[in-house]
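Accompanying notes for the structure given below.
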Protein chains: 2
Amino acid sequence: MPKRVDHDLRRRQIGEALLRIASTRGLQAASMREVATEAGVSLRLVQYYFHTKQELLLGALAYLGEQLSARVEAHIRALGMPPTPRSLVYGTLTAILPTDAESRRLTRTYAAYYALVLAEPALAADHGATYPDLLERFLAGHLRTAQRSGQVDPDLDAPTTAAGLLALTNGLGSSVLGGQRDGDAALAILTYHLDRLFGGSPGGSAAGPAPEAS
Amino acid sequence: MPKRVDHDLRRRQIGEALLRIASTRGLQAASMREVATEAGVSLRLVQYYFHTKQELLLGALAYLGEQLSARVEAHIRALGMPPTPRSLVYGTLTAILPTDAESRRLTRTYAAYYALVLAEPALAADHGATYPDLLERFLAGHLRTAQRSGQVDPDLDAPTTAAGLLALTNGLGSSVLGGQRDGDAALAILTYHLDRLFGGSPGGSAAGPAPEAS
DNA sequence: ATTTTGATGATACGTTCGTATCAAAAACGC
DNA sequence: GCGTTTTTGATACGAACGTATCATCAAAAT
């Protein structure tokens, strides 16, 4: 048996090269040739692992989703264990806010794909609609938990509040990428709203364990 | 003197043809030839009025800004005269939420330009940064007025709240365009937050008439 | 060392793009 | 109807794109 190479790894290397181009110069600059150069491989190899460009775009989009999920998880973990409802909401939202180089890259790439999907809905058959939905339900669940433990006003509608928080964070992210304000200013606005929501007190106590992120 | 034609009008007709394409098929589908076809003129004429494509993109972006401003104004007016602080905030935010065909077209086009500007910042020299800023200051000012007249909690930070409302609206708009929810659901979430902000009571002196669907 | 798989190279096809260059025709105020 | 302006026509260029097709080279497991 001859040379063995992890095909999934190669595909990932090439796909992430595309994501790197998309984050800096946009998806329209991500031609097959440019991706090959960025990945340090030949054009022929890109064609070898992705028979068509649509395949490449879809594969890279999947990698982007994984990177985003990983960052959200890491951000939640960074706020201490075990996670409280507050740290889960806070960590999730601050993870997708472009405040550092990595989150800027992720959100810029996401924005590029978002525009592409708007023009060509066939690209995100179901990936685009379910992922934000999952995030929203995740937030709503923990908000409800926080309501039950008295950290959040129980009169609030949890799903509506969760949708509002996620939309707020996305909108703040857009304003940061658009150059309207910097990441710290956006983070300040987000924490202002979160602190108002969570009643100012650090709270948390020894509340019950929360559902798990996927 | 021979045939006289309003050059500004011609430029507008061509520019708006580009906006129409951008709203449905994205900016990458808006080639000079496609714009000419959409506008019902020859490619040569597009080149006559816009010497380069960048000129065309910039000109059309200006028209988009005018259309957006006009819609915001019309939406505010539709909420009754004279406008109250509440109707000004409500009208501004609902105007830029994709709830009907026109607002969907506007926000989709705006999203397409947003992605283009992210990849090519030279396109929106100052147009991109100042317009949302103006909107935000506009909202903050009327929020402060509402605070002084007791319709809004005076403990709130007006600029931060205004930035949050605008970001919330933009984020909700993105979720609508992305197919996560429909315009009515987004409008319900927005009004939920606005009603909480404005203390639930219709307030605003002689309570204004209900918003109108367009 | 042979065999199988991974990787490169060079190149080409057909399309579309932005842009440019000829020219001629059509419309309209005087 | 003259003359100026607007508009169209027919192409053409070079470049970049996605895709495809040759053949060859390198590497590693048996």
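In the text below, chain A, chain B and the rest are named by the order of the sequence lines, each starting its count at 1.
Residue A:Tyr49 is in sugar-phosphate contact alone, with no base atom involved, counting any heavy-atom pair closer than 4.0 Å across all strands shown.
A:Tyr192 and B:Asp157 get closest at one heavy-atom pair: OH-N, 2.9 Å. Of all the heavy atoms in B:Ala112 and B:Ala22, the pair that sits closest is CB-O, 4.3 Å.
Regarding A:Leu45, its CG atom lies at a distance of 14 Å from the C1' atom of D:dC25, rounded to whole Å. In this structure, A:Gln28 places its CD atom 14 Å from P of C:dC17, rounding to the nearest Å. B:Lys53 has its NZ atom 15 Å from the C1' atom of D:dA15, to the nearest Å. At whole-Å resolution of the value, CG in B:Leu56 and C1' in C:dC17 are 14 Å apart.
Contact annotation: B:Tyr48 does not reach the phosphate of D:dT7 (side-chain N/O to OP1 or OP2, under 4.0 Å). One finds no side-chain N or O of A:Ser42 lying less than 4.0 angstrom from the OP1 or OP2 phosphate oxygen of C:dG9.
Nearest nucleotide to the A:Met32 side chain, out of D:dT7, D:dT19, C:dG6: D:dT19. Closest to the side chain of A:His7, out of D:dG18, C:dG6, C:dT8, is C:dG6. With distances taken from any side-chain atom of A:Thr52 to the nucleotides C:dA7, C:dT19, D:dT19, the minimum falls on D:dT19. In the set C:dG9, C:dA12, C:dT19, C:dA12 carries the atom at the smallest distance from any side-chain atom of A:Arg33. Distance from the side chain of A:Arg10 is smallest to C:dA7 among D:dT6, C:dA7, C:dT8.
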Between the protein and nucleotides 20-24 of chain C, are there any N/O to N/O pairs under 3.5 Å, and if so, what are the atom names and distances?
residue	atom	partner	partner atom	Å
C:dA20	N7	B:Gln47	NE2	3.1

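Note that OG of A:Ser31 is 8.0 Å distant from CZ of A:Arg25, once rounded to the nearest 0.5 Å. Put simply, CD on B:Glu120 and CD on A:Gln28 are 8.0 Å apart, with the number rounded to the nearest 0.5 Å.
Side-chain atoms of A:Arg108 come within 3.5 Å of backbone N or O of B:Leu118 as a donor-acceptor pair. Not one N or O on the side chain of B:His51 forms a donor-acceptor pair closer than 3.5 Å with the backbone of B:Gln47.
Counting non-hydrogen atoms of neighbouring residues, nucleotides and ligands closer than 6.0 angstrom, the CZ atom of A:Arg12 exceeds 12 such neighbours.
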